[in-house]
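Take a look at the structure set out below.
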Amino acid sequence: MRIGKYRITTRKQKQRLAIVIAAGLLILVLLLSMAGLMVCGGLYIHDRLQTSLTSLPEEAAEPAGTDTSAIPNPSATVILDPGHGGKDGGCSGTLDGKDLVEAELVFDISLKLKALLEEKNIEVLLTRSSEEEPTLKERAAFSQKSGANLFVSLHCNSYEEDRTVCGLECYYEKSDTESKVLAETIFAAAKDSGMVDVRDMKSDMMYVVRYAGMPAVLVETGYLSNPAECRKFSSEGYRSVLAEVIAEGIETVLNQNDENEV
């Protein structure tokens, strides 16, 4: 046997040649196996990455706690406090066999008011969602930490002893001049609208008003115990009117504050 210029004649030479060939084949097989493993490994890692990326929840695109609806550079911040909530529905009225619940009505008015204020570049923070029932202390603590400019708590009233009683009322902390101005301005906007009955302005020690940490009022938007006013509350249009007059009062006070700072 001849390989190139070498002649293989003895048995020992043939054995060595067989060993060399076997070793070469083994090395070739090992190299091919390693290459195959590298390719498979690369494909596996690629597939795992693709699976991980596509399985991420959509909300992961935003950091936790990010409010994508927030106004970037608001001219002011207002806290709206829809009264009651959760299991505490507050007072209620009955119209055509259907109950009108305070917590639901004032939350709807708050959302309408929020939309109106945001159109004016005013940031709005709500003390509760539709299902939450924060305590008075939690509402006040939220307000104190917010750094907002104004606090407006929204409620409906009821007086079963005299169903003729009706009209919007504004409560404020007696010792706070700025709160009184806010109450007077909202009350005047409601009265001047000609569409909302008004009843009274009162200084009272309401917890959320006293401890809000800023100019604050509590607006009793009307009496569900009064049949005519209860019927008004059943109208989405009337709830929009309430939102509009309260928004007008808030905007007026904020604009006055801006003028005083100039």
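Residues take their numbers from the sequence shown, with the count starting at 1. Quick caveat, the model's predicted, so the values are computed rather than measured. Computed from heavy atoms alone, side chains included, the values below leave out hydrogens, waters and symmetry copies.
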query = When clusters are formed by joining ILVMFWY residues with side-chain heavy atoms under 4.5 Å apart, either directly or through shared neighbours, do I109 and V198 land in the same one?
reply = yes
Closest non-hydrogen atom pair between L113 and L80, with its separation = CD2-CD2, 3.6 Å
query = Do K191 and V245 have side chains that get closer than 4.5 Å, going by heavy atoms?
reply = no
note = Value for OG1 (T135) from CD (E133), rounded to nearest 0.5 Å, stands at 9.5 Å
key: Backbone N/O of V106 and side chain of R239: donor-acceptor pair under 3.5 Å   = no
request  = Of all the heavy-atom pairs spanning A103 and H84, show the shortest one and how long it is.
outcome  = CB-CB, 4.0 Å
inquiry  = Rounded at 0.5 Å granularity, tell me how far CD in E248 sits from NZ in K120.
reply    = 10.5 Å
ask   = Between atom OH of Y172 and atom OG1 of T177, what is the distance when rounded to the nearest 0.5 Å?
value = 9.5 Å
request  = Looking only at non-hydrogen atoms, find the nearest pair between T127 and P134 and report the distance.
outcome  = O-CG, 3.7 Å
Side chain proximity check, S143 to M214, heavy atoms < 4.5 angstrom = yes
task = Determine yes or no for a side-chain-to-main-chain donor-acceptor pair under 3.5 angstrom, with D99 supplying the side chain and T94 the backbone.
result = no
key: Pairwise salt bridge (Lys or Arg N to Asp or Glu O under 4.0 Å) hits with a residue in residues 136-156, at least two apart   = D81-R139
task = Report the distance from atom NZ of K232 to atom CG of D197, rounding to the nearest 0.5 Å.
result = 4.0 Å
message = Under a 4.0 Å threshold between the charged nitrogen and the carboxylate oxygen, would D176 count as salt-bridged to R210?
response = no
ask   = Out of curiosity, does V219 fall in the hydrophobic cluster containing Y207 (side-chain heavy atoms, cut-off under 4.5 Å, transitive links)?
value = no
ask   = Any sub-3.5 Å donor-acceptor pair from E102's side-chain atoms to H155's backbone N or O?
value = no
request  = Give the cluster check for L125 versus L254: same hydrophobic cluster or not, with ILVMFWY residues linked at side-chain heavy-atom distances below 4.5 Å.
outcome  = no
request  = Identify whether M206 and I246 are in the same connected component of the hydrophobic contact network (ILVMFWY, side-chain heavy atoms under 4.5 Å).
outcome  = no
message = Taking V165 as the starting point, is it possible to reach L168 by hopping between hydrophobic residues whose side chains are less than 4.5 Å apart?
response = no
request  = With side-chain contact (heavy atoms from CB on, under 4.5 Å) as the test, would you mind laying out the steps for D108 and E104 before giving the verdict?
outcome  = CA-CA 6 Å; D108 181 65; E104 297 173 1; over 6 Å; no
query = Would a 4.5 Å heavy-atom cut-off, applied to side chains only, mark L111 and L126 as touching?
reply = yes
inquiry  = So does V78 get a backbone contact from the side chain of N149, meaning a donor-acceptor N/O pair under 3.5 Å?
reply    = no
ask   = Given side chains that start at C-beta, do those of T221 and Y238 come closer than 4.5 Å, heavy atoms only?
value = no
ask   = What residues, two or more places apart in sequence or in another chain, satisfy salt bridge (Lys or Arg N to Asp or Glu O under 4.0 Å) together with E131?
value = none
note = Scanning both residues in full, the closest heavy-atom pair of V101 with S92 reads CA-CB, 4.3 Å
note = Nearest heavy-atom contact between D200 and K202 is OD2-CE, 3.4 Å
ask   = If you measure from CD1 on I79 to OG on S110, what distance do you get to the nearest 0.5 Å?
value = 12.5 Å
remark   = Taking every heavy atom of E220 against every heavy atom of Y171, the minimum-distance pair comes out as CG-CE1, 3.6 Å
ask   = Any side-chain heavy atom of Q256 sitting closer than 4.5 Å to one from V181?
value = yes
inquiry  = Please check this pair: side chain of R128 against backbone of P82, looking for a donor-acceptor N/O pair closer than 3.5 Å.
reply    = yes
key: Sub-4.5 Å side-chain heavy-atom contact between F233 and C156   = yes
task = Taking the side chain as every heavy atom from C-beta outward, state whether L154 and L242 have any atom pair closer than 4.5 Å.
result = no
query = In Å, rounded to the nearest 0.5 Å, how long is the span from CE of M201 to CD1 of I186?
reply = 10.0 Å
message = Run the side-chain contact (heavy atoms from CB on, under 4.5 Å) test against S225 and tell me which residues pass, sequence neighbours left out.
response = S158, Y159, E160, Y223
